[in-house]
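First the structure, in the form of structure tokens, and then the observations on it.
Along the sequence shown, the residues carry numbers beginning at 1. The structure displayed is predicted, hence computed values, not measured ones.
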Amino acid sequence: MNYRARYIKTKEKIKEDHTQQRDNHSSEDESDIFHEMSLSSDGTRQSDRIHPMDVQMAVFHCADGFLKQLMVTKLSQCQYALPLLVPDPDTQQIEFPLWTFRQTNKSWKMRNTNNEIIIQNQPIYKAQTPMVFFFRFGSVSSSKSQLMNSLINEKHNTFFHRNCPGSSRTRVLMDGVVEIAWFCPSGKNTDKFTDCVAFCNLHGDAGDHEKQLQILTEMASVNVVLLSQLDRNDKSAAIIQNLYRNSKPLICLFTENESAVTEVKKRKFKIGLKDRNQSEVSEELRRTINDCLSESSSTFRLEDVSKNSNIRVDEEDDEDCRRGREAAQQMMSLVEKKDRTEIKDSFLPCQGKLWRQWSQKNKELHRPRANETEMDISKKKTEMKKIREQQHESDIREFIKIFIKEMNSHAANNMYFLKWLRILLDEYISGDLSDLHHKYDEKWSTVFQLKENNDKSEQLTAEQTELERISEDLQAAAFGLEHIMREIGQIYESCSSVKKNKKDLQVHFSSLPSLAAEMMISGFPLELMDGDAAHVPVIWISAVLDKLIQKLGDQRVFVLSVLGLQSSGKSTMLNAMFGLQFPVSAGRCTRGAFMQLVRLSDEMKTQMNFDYILVVDTEGLRALDLTGSSTKDHDNELATFVVGLANFTLINIFGEYSSEMQDILQSVVQAFLRMKKVRLNPRCVFVHQNVSDVTSGEKYEEGKRRLLQTLDKMTKLAAEEEVCDAEYFSDVIRFDAQNDVKYFAQFLEGNPPMAPPNPKYCENIQELKKTIVCHASKSHGMMLIDLKDRIRNLCEALLKERFVFSSRTALEISAYRKLETEYSKWSWRLRSAMMETENKLHNKIENETIHEIEQTDLQRELKTTSEEVKNSMSELFEQDTDADILIQWKKTFDIKIIELQEYIVRETKRKLNEILQQRNLKKNIDAQRKNHENTLYEKSKKLALQLKDKANDEETLKKEFDLCWEQSVDRVISDTPPIKDIDIMRDVRDVLKHIYRSALVYHCSESCDIFTVSTYSQYAIFRKSTKTVKETCGFAQTLSSEDEAQIRLLVTDVAQQTDRMIQSFNISNMGYNISCIQQITDYIKKRVTEHQKGPVNYVFKIEFFMDLVISICNRANKMITDQHRLFKKANDHVLYLKKKRAEYYSIFQKYCHGAKSAAIFAEIICQKLKEPIEQSVYKKTARDLADEMRLNCESLNGNRSNLEKHILKTLAEEEDFNKYMNYIHNPRDHFKDFIRDEVSRHITDKFSDSVLPKMKENFKLLQQKIMDAACESTEHVQVNRGDVGLWLKSFTQHLSDDLIFSEKDLSGVKHVDDFKLLEDVIRKELPPVMSDISSRFNTNTFPANLDYKFRPDELLIDHFCHGCWVQCPFRKDICTDTIDKHHGDHSVAFHRERGINERHFPQAQYLCAVVCTKLVASDQDFYAPDGKSPCRDYRRAGGVYEDLSITPDLSDLPYWKWFVCRFQKDLEKHYSKTSEGSFKISDEWRKYSKHNAIECLGQCI
């Protein structure tokens, strides 16, 4: 709004010849000024320039109605004259652009007969004022427009005139245009006119524009004509004569006359202008006009111009405009003649008392009192529901019905309707608001004066009561488009609550948010926070944003907000900066918060990382609320909400330095401090408005220094209140006092109401805009869906007294979950890569091609995958939309990935070294077995040669072979005893006998599963000095929650370590020995002893150790037994030889039939490859399956939180109480069982579609590798002229990465010379071998024939269960972090009810149905190690509580509420407690169905 833009000149392109100097070689003495100056010039003439007013009118003619209106509104704000009558450039038809004036308001002050100041604020089209009409005949030497400016504002060119910068002689579009401007008095004695006066100016010769002249001379209060002199023969003589004879005042200004003002006859004056002082003429003219106006009662109203039939009115010609006006007028007809203070209650019933009651109840619900029970909470919810039902039952008024109908019926053209409605509503309330504000100011002054005098009489009370009444009337009288949309929002929320449409709503309620979304897209602001109820309608706002996403797509937005004192120019600044429509008229201040979308141009989008700017305007801090009081809490909450919502915040301060500034700075600093605690990083700029002298350098720097001092001071105060370390403002937010503090000049250049906007202010606005754009270009903003979540989270935060913790959890949780999911992917990629490497090296170890494992070799194998993961991490932390939040964890996750890699390498090296050691220990077993195989081979071969002549007698051959085979097997059995079956639990009892002989018999029959016990108190013997033991109301001593948690942690860790020990025994390869149980028992005893020696005040009974050993071994029983079965199958000579009988008989037959050695050797190779091929394919298929399930299985394709969601869903579907107890008390085992079930189900369900095809593909690939190895080995032998030993060496080396198959497996074969035949026979015999293996491949053999550590379920268990398993001491909830010993607090997705874990109040006979998140929001106590501690301050209890993060939360958690209700009797029986009295389960809980419980999982996790 820089009014100087009118004077911008067009740059002339000056041709070269224009500046050529003429050839003149005369000396300076001979030069002739008269001759040379008279020479014609080829330069550009003034008349060739484009006239600035032609530019304005050209734009005006080309613009649509809305742009014209905007132009006129801006021209009015710049105190420029406005087009009143405009000839069409083509048809010359006169148009009256009444629509363009509809948003223009004028304010002025005047004195009444009692000399009291009267403030007027009116839409200008309604204002009834005198009008002075200026026109001219012919060409005159004086400027009419300049003379008018001297009357209105001598310091400002209201009307453009010939002497203005950029003016030219030629005008194309201005002739015949009538402009209008108003003089608005300020109520001072220096005013030129005492009342508001309109001035109209007809451009051009009035004789050429008779229509305009006729209309305005008839409507004018005073006519003023400029002419050079009177001439009876002039064409204008008749017109002047008629005006002179008319009773209306006429002032004639003669440019060729020197006389002073002369009253020729009554109300007819002449004034000469020639050779006279301009100021003297202006003063005479002003006095004359005032004299005329004082005697005239004639007034002018802008709307009355439209009554003239000779002109075209824009509003009547535009069908959309006319229809919009008619619809708006139909709505307004319903409210006419109604009491302004009762309109909202009558026409907008949903948003008044009911909405405020609901908001208050909601706030109380989120701020529970001490000892508030679930029954109390349920009662509040019921009351809130009833309020919603009352809202739903209330009738929709005709006023709202028309609005909804109009918005829906002309959705594409409803801009005119909305504009008209806002115009008419502003017009409707403007008068009342002005009167009420005047009354309020007077009453406030009275109250203030009484307080200053320390008057405590009844008069003060009465005056304060009256002040509050006026304040309430002010609230009730405010009625705008925002109130209509608020009502629609409440209709939507009430319908959503009761889940059905209102009976008299003509559309479905689900379509209502679409109306608001369309309005936002069209540029209308939407109320974000209700200023009357100080509440955010979250359901409504979320629905509107959802519709916005549907219409625009999930666009990226940059959120800009503003904070500042009331009436400090926040809305004005935003409107000026972005051309917005935040209301600043009709005497209203912004209440609550509004948001408006600003679409970026295509050019701007190339510079930015987002599509829209979302501007949030707010009510002023330290504003007087509706009861006349001011609250610090409200300001703090509003500041936190606005700062938390925005990417960038403008802190608006009115004046250079004031006490008010300190009032708001603490709220602002506290808001930024809270954002720092939740690791949001908004930026801010401080704007000092209305600074008198921004050019003073010293003053400028001094102001910044004082501001920084104040900010540092406020930071210390805020840090004390927020209990955090911060000494300087720079500790809280990145802040550069040199660049982040802006000083704005005064908004107006001069004194209101006639002062235009200060051009320096406009320049300041542009500078600030550049700063914002600069910051914005470095920001990614946020997606609309993320904005919706942030609004919801911050609203929840506002409702709670300790909302910072909630805000932190809510805002970070989604970003951290995303990081967890990505970490899960990264870790799986690293594990998967290392599994491939481990398998390859395992084969090489078994084949004895490598004899040591170096860590550097493993790191090298992992390097490529590690680099890929590193690049993926960089991309996430630098380019993700939540990069600003995620960056806080970058260092932690960098370390975690490094630690994970080190762990994977270290574990792989350990496993491979164990295999190396076990290979050496196993050599004797392998040598003995190979000796038996070679003996059988030689005997079979010898027998075949003896029976060669009976080759065709199959019966004889079989009989002789069977006899030989039985004799050989008998000899093997006599030399080597068979491997026996094992009984793990018998061995456990035997081992325990040697430790606790006396207690064993008693305890073994009484042993408990230690993983499912509800408490460990039964295992503890308390020492006398105990402080950690609860002893209440005469009840027995029990362990504290902290002790219970520590013991649970011990049990869990011991179980985990013994699992690793069992795996390290490698029983499938080495066999089982009772020493395994001995080692496990020794380890458990060591850990239990160490725990008792720690800082605990109890010792364990013998039963604890015994139950722990028995429980762990019982759980490992199946795994050990299965592994031993595999060992027996592979190493028991009887079973092994029985399995090989068919193979040896086949070789025997071939020898009998005279087959060549190469052919027999080929068959032996194929038979020997059968088992290695089977194992290789099984293991590869297992890895492939694990990869597939990580991608495609819903429960396994995310992080551990996602897995837990599916576990809870399955538990709910099965409704098995015992499984629930297992999950609650032994979560890790339950997770493992669930993963095993998922894998088993996947293998069963997808065997034909997924498992079998993978297996066949792996068979195919392996078969090709074997044939390639055979081919290459044959070529190698032929080139090097080697023997069978060389061929075999080459063949096994080629396959050493893929198969456990070495030269020693074929040590008995020596005489082979036809290697081509060998290769051909392998090619022929290998497919049947593959088919044989494949035929045995089914859902049973696949897992049964795989070692535990190679199974897909175990691979996934290793991935998912390598994390944090710390449980909430209140409710046993599992920490959701996927990283063991992670950085930061332990937290869970959502908490269980208190009674689930038997944690109860001192009255221990009752189960307590309270959720942790509600518990920590209350003032209840719990038992900490050092006695009672308030739940609200649970962290201060230390120990396990110190690193626990529980978000205070009052939201519905249907899952565990449904669980408690569904299994109430089971829980009471399990814990021997009841739910009665104040601990009774709320009826509200019983409304949740299983469907509700399962459905909520997707929202919570």
Quick one: [atom1] on [X] to [atom2] on [Y], what's the gap to the nearest 0.5 Å?
| X | Y | atom1 | atom2 | answer |
| --- | --- | --- | --- | --- |
| Y492 | L515 | OH | CG | 12.0 Å |
| D554 | L787 | CG | CG | 10.0 Å |
| I1207 | R1200 | CD1 | CZ | 9.5 Å |
| D1009 | N1222 | CG | CG | 7.5 Å |
| N1226 | M1221 | CG | CE | 12.5 Å |
| I1357 | R1228 | CD1 | CZ | 11.0 Å |

Tell me whether [X] contacts the main-chain N or O of [Y] through its side chain, where contact means a donor paired with an acceptor under 3.5 Å.
| X | Y | result |
| --- | --- | --- |
| S827 | S824 | yes |
| T382 | S378 | yes |
| R792 | V538 | no |
| E493 | I539 | yes |
| H392 | I491 | no |
| E389 | V498 | no |
| D530 | G592 | no |
| Y1220 | A1212 | yes |
| R1486 | W1458 | no |
| N1202 | E1194 | yes |

Counterpart residues, side chain to side chain contact (heavy atoms under 4.5 Å, CB included), relative to D504 (two or more places apart): D395, I396, K401, K502
Under a 4.5 Å cut-off applied to non-hydrogen side-chain atoms, are [X] and [Y] in contact?
| X | Y | result |
| --- | --- | --- |
| Q506 | N408 | no |
| L1185 | V1239 | no |
| S1201 | E820 | yes |
| N1192 | N1197 | no |
| Y1488 | V1460 | no |
| Y612 | L784 | no |
| M520 | L614 | yes |
| H1242 | S1250 | yes |

Taking all non-hydrogen atoms of both residues, which atom of [X] and which atom of [Y] are closest, and how far apart?
| X | Y | answer |
| --- | --- | --- |
| R1048 | F1011 | NH1-O, 3.6 Å |
| L645 | L794 | N-CD1, 3.4 Å |
| R1190 | L1196 | NH1-O, 2.9 Å |
| W540 | G489 | CD2-CA, 3.3 Å |
| Q391 | R388 | OE1-NH1, 2.8 Å |
| F509 | N501 | N-OD1, 2.7 Å |

If you measure from the Lys or Arg side-chain nitrogens to the Asp or Glu carboxylate oxygens, is any gap between [X] and [Y] under 4.0 Å?
| X | Y | value |
| --- | --- | --- |
| E1468 | K1465 | no |
| D376 | K379 | no |
| K503 | E393 | no |

From CA spacing to verdict: salt bridge (charged side-chain N to carboxylate O under 4.0 Å, His left out), K1490, E1215: CA-CA 10 Å; K1490 181 166 70 174; E1215 296 190 45; 2.9 Å; yes
Partner residues of F641 under the ring pair (Phe, Tyr, Trp, His ring centres under 6.0 Å) criterion, sequence neighbours left out: none
Counterpart residues, ring pair (Phe, Tyr, Trp, His ring centres under 6.0 Å), relative to H1230 (two or more places apart):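 Once residues adjacent in sequence are excluded, the partners of H1230 under the ring pair (Phe, Tyr, Trp, His ring centres under 6.0 Å) criterion are Y1223.
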Donor on one side chain, acceptor on other, D1237 and S1240, under 3.5 Å: no
Test item: side-chain donor near acceptor, E1238 and H1206, under 3.5 Å: no
Derivation and outcome, side chain to side chain contact (heavy atoms under 4.5 Å, CB included), residues S514 and K551: CA-CA 9 Å; S514 185; K551 294 173 183 292; 3.0 Å; yes
Within the supplied structure, the quantity of interest is the number of heavy atoms (other residues, nucleotides, ligands) at a distance under 6.0 Å from [X] [atom1]; does it exceed 12?
| X | atom1 | result |
| --- | --- | --- |
| K386 | NZ | no |
| K1246 | NZ | no |
| K1209 | NZ | no |

Worked verdict on K818 versus D880 for side chain to side chain contact (heavy atoms under 4.5 Å, CB included): CA-CA 10 Å; K818 182 193 300 182; D880 190 82; 2.8 Å; yes
Counterpart residues, side-chain hydrogen bond (donor to acceptor under 3.5 Å, both in side chains), relative to E1214 (two or more places apart): K1219
Listed partners of H535 passing side-chain hydrogen bond (donor to acceptor under 3.5 Å, both in side chains), at least two apart: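 H535 satisfies side-chain hydrogen bond (donor to acceptor under 3.5 Å, both in side chains) with N362 only.
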S510/H508 under side chain to side chain donor-acceptor pair (under 3.5 Å): CA gap, chis, key distance, verdict: CA-CA 5 Å; S510 60; H508 194 270; 2.7 Å; yes
Parallel, tilted or perpendicular: ring planes of F1459 versus W1456, cut at 30 and 60 degrees: perpendicular
Verdict with reasoning, R1236 to D1233, per salt bridge (charged side-chain N to carboxylate O under 4.0 Å, His left out): CA-CA 5 Å; R1236 290 188 182 110; D1233 290 341; 3.5 Å; yes
CA sep, side-chain torsions, deciding dist, call: L512, I404, side chain to side chain contact (heavy atoms under 4.5 Å, CB included): CA-CA 8 Å; L512 296 179; I404 295 173; 4.1 Å; yes
From CA spacing to verdict: salt bridge (charged side-chain N to carboxylate O under 4.0 Å, His left out), K1232, E1354: CA-CA 8 Å; K1232 289 181 179 181; E1354 294 302 319; over 6 Å; no
Full working for ring-ring contact (aromatic ring centres under 6.0 Å, His included) between Y823 and F893: CA-CA 8 Å; Y823 176 81; F893 273 77; 5.5 Å; yes
Residues that K547 engages under salt bridge (charged side-chain N to carboxylate O under 4.0 Å, His left out), provided they are two or more places apart: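 So K547 forms no salt bridge (charged side-chain N to carboxylate O under 4.0 Å, His left out) with any residue.
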